[in-house]
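The block underneath contains the structure these notes are about, expressed in structure tokens.
What you see below is based on every heavy atom in this structure, not just the backbone, and it leaves out hydrogens, waters and symmetry mates. The residues of the chain are indexed from 1 along the displayed sequence.
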Amino acid sequence: MNYDYAKIAKEVIQAVGGSENIKSAAHCATRLRLIVADRSLADDEKVGEIDAVKGTFFTAGQYQIIFGTGHVNRVYEQITQLGIAETTASEAKEAKMDGKNQLQKAIRTFGDVFVPVIPALVATGLFLGLKGALLNDNFLNLFGMTNADIPQTFQVLVEVLSGTTFAFLPAIVCWSTFRVFGGSPVLGLILGLMLVNGALPNAYSVADPSSGVTPLMLFGLIPIVGYQGSILPAFVAGVIGSKLEKKLRKTVPAVFDFMITPFLVLFIMLILSLLVIGPLLHALENVLLVIVEYALGLPLGIGGLIVGFFWSIITLTGVHHIFNMLEISLLASTGFNPFNAILCMCGFSSAGVCLAISIKAKKKEIRAIGPSATVSALLGIGEPALFGVILRYGMKPFLLSCSINGVAGMIAMLLGMKGTGNGITTIPGMLLYIYSPSQLIMYVILALSVFITAFCLCWFFAIPPEVMETDTAVKKDVPKPAPAPFPDVLGSAAKGTFVPMEEIPDPTFSQGVLGICCGIEPETGKVYAPMDGTISQLADTLHAIGIEAGGVELLIHVGIDTVAMKGEGFTSHVKEGQAVKKGELLLTMDLEKIKAAGHPATIMVIVTNSDDLTSVEAAASNKLMPGDQLMLLQA
């Protein structure tokens, strides 16, 4: 169908509140992206009635109008001719934070750093849960066994699975922080590894009085230790280090930049981390330890109230591993650990709040992360729930969780609950209470009460408004020409892993707004033609290619929001109007650059005229090679 794109552009501007409401415009292969001054002035219904519009939604600070391939670029040309400025990369980044106060911006940035870390923490939570269940003496005693009866090889394997992530957590955090703040991620990785180098006294050993390991003392005053399991030192080092690198990149002459900048960043930041950042946080650790010891001794369960309320806040600092010393000291002197009961209830509270948000949320990202983060919290690892869900969009769920933690901690102290060990909490933590039927019963009842209370209170009173913003676009049927004979099998466009449509991390694709599709998580940077046909479109930024053949209209979209890279890292091997054969190389991409820019590299293969076909079905699973059967089409 022929459209009057000049008319469409004028109608779009009017429907979103006029040119004065549009700060700037950009487009990708399918969507017109407008940064607007006031979202409420955009009339979704009017926009949806405009010719060629397939849907609208608001996300990442942008009002996005879906036109589809072949139309969006023409509308964009007319929009810019009417005086609307082009969106710059900095404007797009700022738009994501538009309307947020400084605290919200800081929390969002903190979340952006830790979201990539969540999968590793979730896996570690599962490993720790299995470790606590299989190697706990209280459990083994039921079968007449002790840890001494477990083969050493098996114990070492379990230790590697459960201990690696936290042992090298500073390296992961430093890498992600450099990435978010614009530094070189590999420098962040190396700096983080330096903070846990084996030449430094291990933080866990220093926290254990029986280990005999003590900090190195510089000038007899400054303690130097490794930072295994710590978050805040690596985060602060990452922020300062990335800013230092960017400053040096601007000042060091280009001919020396390659050698001098990495050297200075690593040297300066290691010294700063070991002599200033680390010792300051070490002093903070000691202060926290004194406070907690005093608090636990207060009457009427007040100690449990204080420790419970502040535990999640302490976790944010990443210095909570120091409390191993407290727990070990309590076990050594009394044989019991009342501190563990408080921590266990905090875990159940976080899990309840996280589950409520993830179930009620409409954002697909939260619905995807939430359940696994909840399971992790129930197995004793609270960071995924805390950083990935609870703190992601505001303070209300976090403060609710802290309040429930405090009440639960007070009840635990009043009931005299105390475990027989340390290091495991929540569901695996039950193993520390099986020594007494009354202790186990109290544990189960309190845990269920805390989990249900946290879930219900969050569900009704503390769901962040941002997670309720739907990404669902209002779809509008656009007439298509009757299809001619077409290929009935589409091949895989790359070597990689099959991704079902509903799991693609972008609502435009996962909800089939542009047509039925599926994804491929690529293992290499080569993209191939899924069918014989003609190149109908090649995006200026090279991240999207259209192919037509016998009535089948296909769009290959490489990466999520990779339009922002403006072609960097992409090389095309075809041009518009060129005939291609199935399996022919279309383009190559630099996967490392895409990841460094913070974009998923998922390749989407979309049948954009799938509404005109009788059937479009995915016909793949697991690993794929180029040309392997991907989708089946029927007229």
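- Atom CD of Gln439 is separated from atom CE of Met430 by 12.5 Å, given to the nearest 0.5 angstrom.
- The side-chain heavy atoms of Asn202 and Val213, taken from C-beta on, include no pair separated by under 4.5 Å.
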As a quick check of understanding, evaluate side-chain contact (heavy atoms from CB on, under 4.5 Å) for Leu355 and Lys360, giving each step before the final call.
CA-CA 8 Å; Leu355 184 62; Lys360 197 169 185 178; over 6 Å; no

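- Proximity of Leu432 to Asn337: side-chain heavy atoms (C-beta onward) are nowhere separated by under 4.5 Å.
- Listed here is the closest heavy atom pair of Cys518 and Ile504: C-CD1, 3.9 Å.
- Here the closest heavy-atom approach between residue Arg31 and residue Ile66 is recorded as CG-CG1, 3.6 Å.
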Might you work through the side-chain contact (heavy atoms from CB on, under 4.5 Å) test for Met345 and Asn405, ending with a clear yes or no?
CA-CA 7 Å; Met345 296 309 120; Asn405 293 346; over 6 Å; no

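- At a threshold of 4.5 Å between non-hydrogen side-chain atoms, the residues Lys362 and Ile366 do not count as touching.
- To the nearest 0.5 Å, the span separating OG on Ser436 from OH on Tyr443 amounts to 14.5 Å.
- For the pair Val353 and Phe455, the minimum side-chain heavy-atom distance is 4.5 Å or more.
- Around atom NZ of Lys396, no more than 12 heavy atoms belonging to other residues, nucleotides or ligands sit under 6.0 Å away.
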Can you list the steps and then say if Arg367 with Ser358 is a side-chain contact (heavy atoms from CB on, under 4.5 Å)?
CA-CA 5 Å; Arg367 294 179 68 88; Ser358 61; 5.8 Å; no

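- Between the CG atom in Asp561 and the CG atom in Asp506 there is a gap of 6.0 Å [rounded to 0.5 Å].
- Across all non-hydrogen atoms, the minimal contact from Gly304 to Ile342 is CA-CD1, 3.7 Å.
- Annotation: Trp311 is in aromatic contact with Phe339 [ring centroid separation under 6.0 Å].
- Note that NE2 of His599 is 8.5 Å distant from CD1 of Ile594, once rounded to the nearest 0.5 Å.
- Considering only residues two or more places apart in sequence or on other chains, Pro600 meets the side-chain contact (heavy atoms from CB on, under 4.5 Å) condition with Pro505, Ile560, Thr602.
- At least one donor-acceptor pair closer than 3.5 Å links the side chain of Ser242 to the backbone N or O of Gly238.
- Between Phe348 and the options Leu378, Ile404, Thr453, Ile452, a side chain to side chain contact (heavy atoms under 4.5 Å, CB included) holds for only Leu378.
- The shortest side-chain heavy-atom distance between Ile411 and Val407 falls under the 4.5 Å cut-off.
- Cys458 places a side-chain heavy atom less than 4.5 Å from the side chain of Ile463.
- The two residues Gly429 and Cys344 have their closest heavy-atom pair at CA-SG, 4.5 Å.
- Under the 4.5 Å side-chain criterion, counting only non-hydrogen atoms from C-beta, Val239 is not in contact with Phe178.
- The minimum heavy-atom distance linking Leu195 with Leu200 is given by the pair O-CD1, 3.8 Å.
- Between the CZ atom in Phe168 and the SG atom in Cys174 there is a gap of 14.0 Å [rounded to 0.5 Å].
- Residues satisfying the side-chain contact (heavy atoms from CB on, under 4.5 Å) criterion with Asn622, sequence neighbours excluded, are absent altogether.
- Summarising the geometry of Gly598 relative to Arg179, their closest heavy-atom pair is CA-NH1, 4.1 Å, with the distance given to 0.1 Å.
- Ile240 contributes atom CD1, which lies 10.5 Å from atom CZ of Phe235 (distance to the nearest 0.5 angstrom).
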Please lay out, stage by stage, how Phe509 and Val499 fare under the test side-chain contact (heavy atoms from CB on, under 4.5 Å).
CA-CA 11 Å; Phe509 303 111; Val499 180; over 6 Å; no

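- Side-chain contact check for Tyr433 versus Asn340: some heavy-atom pair is nearer than 4.5 Å.
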